[in-house]
Structures are given as structure tokens and as C-alpha cells.
Amino acid sequence: MSTVEGIGAAPGRALGRVHRLEAEAAPVPHRTIAPEEVEAEVRRFEQARAAARERLEALKTETGDRFGPYDAGMFEAQMLMVDDPMIEEGTLAYIRENYLAAERAFDLQMLEHRVRLLDSGKTMEIDRLSDLHDVRHRVLSTLLDLPEPEIPEGDEPLILVARDLPPSLAARLDAARVVGFVTERGSRAGHSVLIAKSLGIPAVVGVTAALEALPHGCRALIDGRTGRIVCDPDEPEIEAFRRGVVRLEARRERLVEASPERPTRTADEVEVTIQANVDRPDEVARARTLGAAGVGLFRSEFLVIGHREIPSEAEQYEAYRMAVEAFPDREVVLRTFDLGGDKFPMFLEMPREENPYLGWRAIRVCLDLPDLFLNQLRAAVRASAHGDLKILIPFVTSVDEIERTRALIGRVYDELGEAAPAGRVPLGIMVETPAAVELLDRIAPHVDFVSLGTNDLTQYVLAVDRGNAKLAAVFEPLHPALLAQYRRIVRACRTHDLPVGVCGELAGDPVGLAVLIGLGFRRFSISLSTLTEQREVARGVVAAELRKLVDGADWEDGAACRAEVAAYLEDRGVFEGDAARLSGE
Ligand code: PEP
Ligand code: MG
């Protein structure tokens, strides 16, 4: 038994047999042609390109039918690459001037393009690498008559392990057969990860040397939340996993039977609001079915990632309206584009940055690009006429950013004139930078609500890159320095009577939720994969006991906090240690 760490990208746990995908095409032989063969070779290349384009169109349609237009849009990135004039001209030059066979000429061009992407150093461009491998394989497979990568027939659950999972394969995955995937490359916002999330398949990315560490045919347990992978787990570990699955399923059944609409109250009758985090418009309906009390975080940037054009106001309006209409009696908190960091759309010329998480990100991008921002704000304001929509701005570090956003919202109302909905759309901020925590007293009069983003706050308080798998163990949202920040937030919000929720991943972790309840938070927004279980956790705890536990504690580190709170949950019977071992909790 051994363990490997990566970045948890799509939550959930899975046990399966490792199936390694050697998706990299076999080396392309160096072949030259005679001058009189040049035009035939050019035609062969153009035919292969046309075939690739046709296949991508078909995949786009299939994906659209299966997952909806947002996922189908991801193939646009690949079509763009197939039609890239630089790659076409370069390939033709190699054929005409260097007398290279079409496959060799194209392969060299792709190699050069890859170097250009890597040299750019931008996350967006690096995310494009999986598209590049996909396109390379697709064109070469016609030229060299190679098969498409396939998942073998059979019933045994598989964990796919690859350097990179091509989006075209991800879009064809059968969740009954492939129960998880692990890749060496990729990021939380990669196309394959987005698909995995919609299929409910756990995924771990950024695993250094995954292909070496996880041999073909071995059994593996993966945790898509913590990024932990156990290779060849021993019997107790497997047993614990199985018991966890049985228990989770039993809980789910109980909850479904017990009407999802039932409010969430702790054992001492303290009301807790559990809302959903949604990354894509089509998750809204599922959030409703699971009994979420609204959407506490709608990550709108996933509407634009992988798309070659800025989504129109009409397109955005439809998506936002659909969300509020799904929750006629509940709030939907729409977060404005959180671009930058590890989320880049194709239509924005992002500067090359050494530290994208400390760079041109989120509200900074939106305020610098008022057309992009106004488009979104207009769509949001119009959609607010159909329900309880609120606007949330990410990555705020100053009052000025809030005031400038308010001014733009004011402009939207002025421009809409009589068509504007009555009443102003509430505006809130993500508290996810140390500056926002520090300035909360000053910020409070300018906002209607705030939402605690524990993912970024952890990154910025502990100075640890949230996307760096090597630092996964240091990324601890229950570090004492963070607990101090959470306490300050609760205090400031009480003083100013400012509604506060938590939408970071900590609320999706049983121990994290218990600590947050103990600190005094009452509103949480949680990703769909753990929402149901977390409602159960909230119902099983006694808020007053947790307050005492958290108030009286002076934990030296996150591990001490986790151990004590996990023991409390175990005592209450809401959380058994073995179920959590895989998560390292
Ligand atoms: C956070 O930072 O905690 C958060 C909820 O936002 P995101 O994970 O999208 O940055
Ligand atoms: Mg954030």
C-alpha cells in the first residue's frame, strides 16, 4: 500500500482497477517524400484536417445532447486549433520546402505549438495542452490510421490514469464503468474536470509521475476532494471505504424519503441554511432536487471558460433567469466572473504573469473591462426581475472596488430605464483576501451581505498556492491563523448586522462544517457532491456544544482541531472515523 498526492479536482471517492491510458500517439516516423509527391501529401494533410473537423463537429453535437451547450462549447477550442493558420501554414511549409510526409510535418508543427504554449507560462495556455494532444492525436490517427483511445469492455470499475485525459474521451465516459480519473497534468478548471463533475466522477489532477506511481492493473482508492490516492489499499482500508459507501447510500435514501424540503436544524433546534454551490447552469435543477435552500454561489466564469467568444447578454440572461426560476422562493447568489488565477477564457488576452493568483484576477479584470462587466451586470439585473437574485463580487481588497461596481450597477439601472426591475439587486462580496477581513468594519456599510471563501482565504493567509499538489498538506483551512480570521469575520458581521455565509470548500467537509457552526456561522453553500451528507452532519450536531468546544479550544494546528472535532462527531454518531480515513481527516 502506498499513497500519492494530487489536487482534488472533482469531489467524491472511488475504488477501482487502474487503467493506464497511453493517449500520447506513438512516435511519428521521420519520412521524406519525392518532390512530385508534394501536392498529394498536401491533399492528404487537408483531408485529415477536414476529417478531424468533422469528428469534432460530431463530438460537439453528441456532447451537447448529453451534457448541454456549455460542455459542447469546449470543442470550439479544438476546432480553433485545427483551423489555426499558423499550424496549417507551418505544416504546408514543411511538406513543400522540406519534403516531409504530412504526418511528420504536422507532428513537428504541433511540437512547436506545444513549446509556444509552455513558453507562454499562462495557465490558460497550459490548459490548452490537453486540447493540443487531443487534436494531434485526432489528425495523426487519420494520417497513420491509428485507433481512437477506447475504454476496454467489461464490468470492473476502472480508474483511468493518464498524463492528460483528452476532453474528447472525457465526454464519452460511462460513469458506470469509469469511476474515477487521475492525471499528471490539468487543473481544476480543465475541460475534462468539468465533464467529470457533471458525470459525478471523482478526479485528481496534477499528480506528479502518476503513470509511474500507479501501475496498470493495480487497485486504487481515490479521493477527489483531498486529492489523496491510495495504491493497492490493504483490506482494512478497502473495508472502511465499502462501509463508507454503504452508509452514504443508506443516508441518501433516508434523506430522499424524508422529503428534501425539510429544513435543516441542528439537534438543539438551531436553524442552519444549506445552499448549493453550482458551477454550471445545468446543476441548478439537481440542486433543487437535493433540497438545497437556494444557490449560495453560482460560479459564472464556467459559462465562459473554453468559449471563443464573450457570451452575449441574452445568453447570460437566459442562464441566470433559469437559475432564479428554479428557485422561485429562494435566493440565488450570482458571483461575477472570477477570471484569472486558474480560470481563463479564450477570448481574453491575459498578460503573462509570474503569479496569476496574485495578479489580474476577478474584480480587477472586470473593472478594467467595463464592457465585459456591464454585459454581465445587465444580464444579472434583468434576471433579478424573475426571483431573488443577488450579486456577489470575488477577490475584493478595497472599498473602492465595491463602489465602482455599485456605480456600474447604477448605470445599468439608468440605461434600462423603465425596463429595469423595481428595487435594487443586493450586492455582496466574497471575503477571501486578508485585506477584506481586515477592512470588514469599513466594508460593511457598502454591502448587503458577505460570503466567506475559505479556499482563497486559506491560500492568501497561509501563502500556499491552492493549485500546488506538493503543498496539499500545508493547505489547511483549519490552521489556527484561519480560525482567528473566521472569528473576526463572525464578530464584525454581528456588530454590523451583516448577513454572512460560507461558500468555500471547508463547509463541505464534516469537521469543517462543525467548526464553522461552532464559530457561529449559520448559512453555508456546498457543492452538490456533499450537500446531502452535510445536511445530515448539521442535523446530528448540537450547536451549543460545538460553540463550547470551539470557544474553549486553543488548537496548536489544524490536525489537533480536526482530531478533537472528529472525535466529537464520532461520539454523536454522525461521522465515523473509518469513513474519513481516506480523506486524511
Ligand atoms: C473560495 O475561494 O473559497 C471560493 C468559494 O471561490 P473559488 O473556489 O471559486 O475561488
Ligand atoms: Mg475564491
Side-chain angles (χ1 to χ4, degrees), residues 297-301 304 310 333-341 343-345 348-351 353-381 384 389-416 420 423-461 463 485-486 488-493 495-504:
L297 174 65
F298 185 122
R299 289 185 167 104
S300 64
E301 55 278 2
V304 303
I310 298 177
V333 180
L334 172 72
R335 185 174 72 185
T336 57
F337 296 138
D338 186 358
L339 303 171
K343 295 176 280 201
F344 294 91
L348 270 192
E349 198 28 63
M350 303 291 291
E353 294 183 315
E354 292 299 330
N355 294 301
Y357 278 120
L358 303 180
W360 200 47
R361 185 183 164 188
I363 189 63
R364 297 174 185 169
V365 175
C366 286
L367 288 172
D368 282 351
L369 302 173
D371 287 344
L372 173 78
F373 202 16
L374 278 166
N375 213 27
Q376 181 173 41
L377 294 174
R378 229 180 341 256
V381 167
S384 74
L389 183 135
K390 296 184 166 74
I391 294 178
L392 176 68
I393 42 179
F395 197 52
V396 167
T397 53
S398 73
V399 170
D400 177 64
E401 289 160 338
I402 305 166
E403 283 185 335
R404 286 168 65 198
T405 304
R406 263 208 199 281
L408 289 173
I409 294 175
R411 200 169 130 190
V412 165
Y413 275 89
D414 291 345
E415 283 169 8
L416 286 174
R424 286 283 154 134
V425 59
L427 177 67
I429 65 153
M430 294 279 299
V431 177
E432 57 180 350
T433 64
V437 179
E438 192 68 35
L439 293 181
L440 210 43
D441 288 324
R442 249 192 268 178
I443 284 173
H446 298 269
V447 292
D448 302 300
F449 67 99
V450 296
S451 191
L452 164 59
T454 55
N455 311 338
D456 275 311
L457 193 59
T458 304
Q459 155 162 276
Y460 296 121
V461 167
Q485 302 270 307
Y486 307 153
R488 287 185 62 184
I489 295 168
V490 172
R491 246 194 332 264
C493 291
T495 306
H496 297 278
D497 204 12
L498 184 64
V500 57
V502 183
C503 64

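The first residue in the sequence is number 1, and the count goes up from there.
A distance of 12.5 Å separates NE2 of H446 from OG1 of T405, quoted to the nearest 0.5 Å. Taking CD1 of I393 as the reference point, atom CE of M430 lies at 11.0 Å (rounded to 0.5 Å). Separating the CD1 atom in I429 from the CD1 atom in I391 is a distance of 14.5 Å, to the nearest 0.5 Å. Summarising the geometry, atom SG belonging to C366 is positioned 8.0 Å from atom CG belonging to L377; distances are rounded to the nearest 0.5 Å. Atom CD of E401 sits about 7.5 Å away from atom CZ of R404, to the nearest 0.5 Å. Summarising the geometry, atom CG belonging to N455 is positioned 8.0 Å from atom CD belonging to E432; distances are rounded to the nearest 0.5 Å.
For the pair L457/T433, no side-chain contact is recorded, criterion being any heavy-atom separation below 4.5 Å from C-beta on. With contacts defined as side-chain heavy-atom distances shorter than 4.5 Å, the pair L392/V450 does not qualify.
Contact detail for T397 and L439: the closest heavy-atom pair is O-CD1, 3.6 Å. Contact record, T454 with V502: CG2-CG1, 4.1 Å, taken as the closest heavy-atom pair. A pairwise comparison of heavy atoms in V447 and L498 identifies O-CD1, 3.7 Å as the closest pair. Considering every non-hydrogen atom in both V396 and A436, the closest pair reads O-CB, 3.6 Å.
Judged by a 6.0 Å distance limit and a 45° cone about the ring axis, R335 is not positioned over the six-membered ring of F298.
Other residues, nucleotides and ligands contribute more than 12 heavy atoms inside 6.0 Å of the CD atom of E403.
Aromatic pair Y460/F395: ring centres closer than 6.0 Å.
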